[in-house]
Novice: 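Take this structure first; my questions come after.
Below, read A as the first sequence line, B as the second, and so on, with proteins coming before strands; counting in each chain starts at 1.
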Number of protein chains: 2
Amino acid sequence: MSEISRNAGSGGASSGRIGIGLELDATHLKILEVLRENGRISVSALAERVGISRASAYTRFEALRADGAIKRFTAEIDHVRTGLGITALIFVTVRQQMWKQFRAELARMPEVEYCAITTGQHDAMILVRMADVAEVHAMVTDRLAGIPAVKATETVFILDEVLKRPYVLPSDRGKPRSARRGAQETQGDVPLGKMRFVGAAEGRAALRKDE
Amino acid sequence: MSEISRNAGSGGASSGRIGIGLELDATHLKILEVLRENGRISVSALAERVGISRASAYTRFEALRADGAIKRFTAEIDHVRTGLGITALIFVTVRQQMWKQFRAELARMPEVEYCAITTGQHDAMILVRMADVAEVHAMVTDRLAGIPAVKATETVFILDEVLKRPYVLPSDRGKPRSARRGAQETQGDVPLGKMRFVGAAEGRAALRKDE
DNA sequence: GTTGAAATTAGTACGAA
DNA sequence: TTCGTACTAATTTCAAC
């Protein structure tokens with residue numbers, strides 16, 4: 001089998017691991033589909049829904065876990081119920097050569113749910129959950145601004161989370177049989193489709209695999 | 001596993017439900033802490049780790065699910081393994097009075113993992129997982145640009161996902177016992193702490209609860 | 001809210017196709 | 001590989017305290 005070399009910029013899932021462990025077939029994907037909706041389903045019930053025997057289900061389930069295709073099982077909660085109903089995005093411009101420090105500081109921020117390094121105008125995007133807007137403000141001005149590695153920030157509030165899937169799968173495609181609308185390639189608005197590849201990217205390589 | 005363990009596609013991603021069902025105490029939060037790391041743990045083992053009896057664990061577990069504090073259980077996967085190792089953020093400017101249509105189109109895009117309505121320069125942020133950058137480009141130019149409701153887009157690629165927690169909890173705070181660095185409130189850079197509240201927000205209310 | 005029992009189910013280890 | 005079965009261990013449920 002030929003080695004599938006994911007190109008360097010393929011950042012995605014944060015795991016620096018190279019090398020394909022196992023080839024995922026249609027059955028594997030079906031298992032992941034079921035597990036996405038019900039992560040606590042028993043392997044027996046999983047086998048039934050996928051259409052394989054119990055023994056096979058155990059084998060494949062274990063293989064997916066051992067291979068790392070399934071990282072872990074978790075829950076999804078209602079943040080309003082837990083009192084952290086305010087969600088904000090903080091776009092951060094990181095001072096060059098200080099990525100390691102920035103990353104270290106991130107580990108000390110439990111209210112950060114997600115952080116990604118991006119191309120474009122800013123260097124990183126942080127998603128935080130807070131009790132109120134004042135806490136967001138405090139976070140940005142007191143915590144983030146105090147980090148030397150942080151050059152600038154821009155905060156945006158999330159008004160509504162329209163869609164939140166645990167993950168997407170290749171098998172999801174082809175589902176929406178709804179018609180593609182008739183070729184409206186011509187657009188009147190100018191800034192449509194603007195893509196940002198450039199930006200302060202020199203120091204970004206320093207961030208990869210420091211842990 | 002029996003009834004309490006199974007969760008169908010019950011909980012919606014963004015339920016606009018108001019009203020607190022049950023008051024979450026420290027024990028509830030501890031349960032959520034354990035479940036965040038291991039969503040498939042047995043209730044018996046959960047009881048042990050939380051420090052309560054089995055019966056109490058079952059009761060509280062059930063209550064959290066019934067109340068909606070726990071929306072569902074799911075898995076976390078490695079997108080590189082599934083062939084969708086390219087992640088991109090697409091910031092969308094939505095034409096006013098066309099939010100409903102925009103939302104309808106979103107439902108037809110299985111490659112969209114997350115979509116949030118935001119304040120600021122853009123109106124929405126979409127996170128997509130793709131096989132390669134060409135697919136991202138195709139998605140933006142062919143699919144999104146074809147939607148009348150979409151006025152403009154701006155695409156940014158995710159180079160690395162530094163941090164990804166299933167969720168954050170109020171009990172997470174106070175954890176980082178690492179010292180707060182000595183009060184560096186003075187900053188030389190100007191744009192620090194810029195917050196965006198304004199923007200085209202008139203039509204946003206129309207998006208809430210249409211389904 | 002807690003313990004301790006029984007009943008059910010899950011997980012494992014073999015064969016055989 | 002996958003399937004089917006038997007065996008072992010664990011969990012869930014339900015009872016009483």
Novice: Any side-chain N or O of B:Ser42 under 4.0 Å from OP1/OP2 of D:dA10?
Specialist: no
Novice: Does a side-chain N or O of A:Ser56 approach OP1 or OP2 of D:dC3 to a distance below 4.0 Å, or not?
Specialist: yes
Novice: From D:dG4, C:dT2, D:dT11, pick the nucleotide closest to the side chain of A:Ala55?
Specialist: D:dG4
Novice: Quickly work out the B:Phe61 CZ to D:dT12 P distance and round it to whole Å.
Specialist: 9 Å
Novice: So what does B:Ser44 hit on the nucleic acid, given a heavy-atom distance under 4.0 Å: a base, only sugar-phosphate, or nothing?
Specialist: base
Novice: Between the base of D:dG4 and the side chain of A:Arg54, is there any donor-acceptor pair under 3.5 Å?
Specialist: no
Novice: In plain terms, say whether A:Glu105 and A:Arg108 are close enough for a salt bridge, that is, a side-chain N and a carboxylate O under 4.0 Å apart.
Specialist: yes
Novice: Roughly, in whole Å, what's the span from CZ in B:Arg40 to C1' in C:dA10?
Specialist: 11 Å
Novice: Quick one: B:Arg49 CZ to D:dT11 P, roughly how many Å, whole number?
Specialist: 14 Å
Novice: I want to check one thing: is the phosphate of D:dG4, taken as OP1 and OP2, less than 4.0 Å away from some side-chain N or O of A:Ser53?
Specialist: no
Novice: Got a salt bridge between B:Asp172 and A:Arg129, using NZ or NE/NH1/NH2 to carboxylate O under 4.0 Å?
Specialist: no
Novice: Quick one: pull up CE in A:Met109 and CD1 in A:Ile90 and give me the separation to the nearest 0.5 Å.
Specialist: 8.5 Å
Novice: In whole Å, what is the span from the CD atom of A:Glu48 to the P atom of D:dG4?
Specialist: 13 Å
Novice: Starting at atom CZ of B:Arg60, determine the distance to atom C1' of D:dT12, rounded to an integer number of angstrom.
Specialist: 19 Å
Novice: Measuring to OP1 and OP2 of C:dT12, would you say a side-chain N or O of A:Tyr58 lies under 4.0 angstrom away?
Specialist: no
Novice: Between A:Lys164, A:Arg165, A:Glu161, which is the residue that forms a side chain to side chain donor-acceptor pair (under 3.5 Å) with B:Tyr114?
Specialist: A:Glu161
